[in-house]
Engineer: 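Submitted below is the structure of interest, expressed as structure tokens.
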Protein chains: 2
Amino acid sequence: MHLMSRWDPEVSRSVEDYLKAIYTLQESGGAVRTSTLAERMGVAAPSATSMVARLAAGGFLRHTPYRGVELTEKGSRIALEIIRHHRLWEAFLHHALDVPIDQLNEEAERLEHVLSDELEAHMVRVLGDPTHDPHGDPIPSADGTVDSAVYPNVTDLPDGASATVRRVPSEDPALLRYLKTLGLLPGASIVLRRREPFHGPLTLTADGVERVIGRELAGQILVEPGSPPELPRAHPAKQRRRRG
Amino acid sequence: MHLMSRWDPEVSRSVEDYLKAIYTLQESGGAVRTSTLAERMGVAAPSATSMVARLAAGGFLRHTPYRGVELTEKGSRIALEIIRHHRLWEAFLHHALDVPIDQLNEEAERLEHVLSDELEAHMVRVLGDPTHDPHGDPIPSADGTVDSAVYPNVTDLPDGASATVRRVPSEDPALLRYLKTLGLLPGASIVLRRREPFHGPLTLTADGVERVIGRELAGQILVEPGSPPELPRAHPAKQRRRRG
DNA sequence: TTGGTAATTTAGTTGAGACTAAACATAGCG
DNA sequence: CGCTATGTTTAGTCTCAACTAAATTACCAA
């Protein structure tokens, strides 16, 4: 359900892919150059330039030649819609088909271009208006707002810190599979131990099991610091917990 | 899972659509002329001719100029794969999202081009290797065999006949919505009464309620004749024979 | 200020897949 | 047997989205 129901056939799959790429590049850095865009899209530089020209003509972005590119409101809206579709599909496939987390991205990459407003409404109904996908990435709302919470990664934690895994934004299937075997997916509670000096590997406890992981991997795990609401070990009734 | 894993990017969405259209036209009539194909695809005749030339070059069909077109084994295999995808998506969306039957076709029309072997396997697992979609249309098996059972429609039944609805192959949403309100979807048990002469409307009982329907609508309802296995109502009311 | 290098854009080509207009077969009828 | 209507194919053009090669701009260093 979108204010401007955008079922223009004017917006091809290709255009959607470019806008999404530009949006994510814009999020994670300054000016978006055509070379960066070309690399991300796996095309030659002139192909990116000519698509940029088309997108500018369509009012999706502003282009300062030789400088870079910036999405307009219209362009951002479509990019966010595609990202919403992507993450809704991931959440739905995980929920309904138990598709393992390492396969979700590849499937959603194709499905994101094919989600009608009607089907989206059915998903939202069944999933209960989810706010995050299985990687912990925020799902933009239908009106185009995104939760912009920024989490530190495990390497930012001090020795002895407790934290809860919130996001594993990697798209590398092997990495995600490994994190799954380690029980380090969103929601997991961990305690960090810094045993090795000189930026060595980190030790962390999850599910009561100790794991030693490299810093590169640790950098892919975004956490919310703080002791999780401790479950009472032995007896009294479960206290209710509430995140604000 | 396909013997020949066909993830050629050689086969575009457009090619898939043409092959599927040719397959269904071939099923329901003799020679497939380019004009018929053009009409079905909503394109001008020369567009169909040039696509036919491409498909022939790719070995998907044989073309006898001015005569018609016939799918090769290769072409049929892809058409059946797309039809399998279409019907699996319909079954899945109905199962997992409760998408109403009148919306299924439109959604599956887009999704059928986007179903990986992996996702297909997940669906088959969750749905229990379904043989029919919610319209009662047979789902081709992964190796390309199709249940070719042919059912008569309601207008073929004699007065007083009992039957079970097996297929409602229409793609008209309004018609399907109406059939749903009448309780005349696949699986429903009906009893036919011919009250009106001269090929007038038909009266049938489903769920213990009498409905009067026109012959045009009745022609869209394919049934398996015979009394359904009657559950013992109250007592030795009417003992019915079971179907094999 | 000027050159050189790297990034970017322009120019020109290609293949899909659509279109219209025109040429060409086929079949039915006199 | 030939004419004509209808259906089909050919010819030529258009847009999208890619490519390579060549020209242009930006930036940095001397």
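Proteins come first, then strands; the chains are lettered A, B, ... in the order of their sequence lines, and each starts at number 1.
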Engineer: Once you round it to whole Å, what is the distance between C1' of D:dC16 and CE of A:M41?
Structural biologist: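 Result: 14 Å.
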Engineer: Looking at B:S47, I'd like to know whether one of its side-chain N or O atoms comes within less than 4.0 Å of OP1 or OP2 on C:dA18.
Structural biologist: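 So the side chain of B:S47 is outside the cut-off, no N or O lying under 4.0 Å from OP1 or OP2 of C:dA18.
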Engineer: How long is the line joining CG of B:L55 and P of C:dG15, in whole Å?
Structural biologist: 18 Å
Engineer: Nearest whole angstrom, please: distance from the C1' of C:dA25 to the NE2 of B:H63.
Structural biologist: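 Rounded to whole Å, this separation is 12 Å.
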Engineer: When all nucleic acid strands are considered with a 4.0 Å heavy-atom cut-off, which category describes B:S35: base, sugar-phosphate, or nothing?
Structural biologist: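 Since only primed, P, OP1 and OP2 atoms lie under 4.0 Å of B:S35, the category is sugar-phosphate.
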Engineer: Are any non-hydrogen side-chain atoms of B:E171 and B:L176 less than 4.5 angstrom apart?
Structural biologist: no
Engineer: For the residue pair B:W89 and A:W89, categorise the inter-ring angle as parallel (less than 30°), tilted (30 to 60°) or perpendicular (more than 60°).
Structural biologist: perpendicular
Engineer: Decide yes or no for A:V165 and A:L222: does some side-chain heavy atom of the first lie under 4.5 Å from some side-chain heavy atom of the second?
Structural biologist: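 No; the side chains remain at least 4.5 Å from each other.
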Engineer: Rounding to 10°, can you tell me the angle the first-five-pair axis of the helix from C:dT1-D:dA30 to C:dG30-D:dC1 makes with its last-five-pair axis?
Structural biologist: 20°
Engineer: Below 4.5 Å, heavy atoms only, C-beta onward: do A:V154 and A:I221 meet side chain to side chain?
Structural biologist: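 The answer is yes; the side chains approach within 4.5 Å.
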Engineer: Provide, to the nearest angstrom, the distance between the CZ atom belonging to A:R13 and the P atom belonging to C:dA16.
Structural biologist: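 Value for this atom pair: 18 Å.
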Engineer: What's the CZ-P distance between A:F60 and D:dC16, to the nearest Å?
Structural biologist: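 Rounded to the whole Å, the gap is 12 Å.
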Engineer: Determine whether the side chains of B:S170 and B:D172 contain a donor N or O and an acceptor N or O closer than 3.5 Å.
Structural biologist: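 No, because no side-chain N or O of B:S170 sits under 3.5 Å from a partner of the opposite role on B:D172.
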Engineer: Is any side-chain heavy atom of B:L104 closer than 4.5 Å to a side-chain heavy atom of B:I101?
Structural biologist: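 Yes; the side chains approach each other to less than 4.5 Å.
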Engineer: So do the side chains of A:V11 and A:F60 get within less than 4.5 Å of each other, counting heavy atoms only?
Structural biologist: yes
Engineer: Give a yes/no answer on whether the side chain of B:R67 brings an N or O atom under 4.0 Å of OP1 or OP2 in C:dA27.
Structural biologist: yes
Engineer: For C:dA18, does OP1 or OP2 lie under 4.0 Å from any side-chain N or O of B:Y18?
Structural biologist: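 The answer is yes; a side-chain N or O of B:Y18 sits under 4.0 Å from OP1 or OP2.
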Engineer: Rounding to a whole Å, what distance do you find between B:M51:CE and C:dA18:P?
Structural biologist: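 In whole Å, C:dA18 P and B:M51 CE are 5 Å from each other.
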Engineer: Rounded to the nearest angstrom, tell me the gap between atom CZ in A:R33 and atom P in C:dA7.
Structural biologist: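 To the nearest whole Å, that distance equals 10 Å.
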Engineer: Look at B:S12 and C:dG17 and indicate whether a side-chain polar atom (N or O) is within less than 4.0 Å of OP1 or OP2.
Structural biologist: yes
Engineer: Over how many whole Å does the gap from B:L37 atom CG to D:dT9 atom P extend?
Structural biologist: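 From B:L37 CG to D:dT9 P: 10 Å.
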Engineer: Want to settle it: does A:A45 or A:Y66 sit nearer the 5' end of DNA chain D, counting the closest nucleotide to each?
Structural biologist: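 Final value for this comparison: A:A45.
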Engineer: Scan B:T34 against the nucleic acid and name what it touches under 4.0 Å (heavy atoms): base, sugar-phosphate only, or nothing.
Structural biologist: sugar-phosphate
Engineer: Determine the contact category for A:R54: base if any of its heavy atoms lies under 4.0 Å from a base atom, sugar-phosphate if only primed atoms, P, OP1 or OP2 are that close, otherwise nothing.
Structural biologist: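 Touches a base.
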Engineer: Determine the contact category for A:P65: base if any of its heavy atoms lies under 4.0 Å from a base atom, sugar-phosphate if only primed atoms, P, OP1 or OP2 are that close, otherwise nothing.
Structural biologist: sugar-phosphate
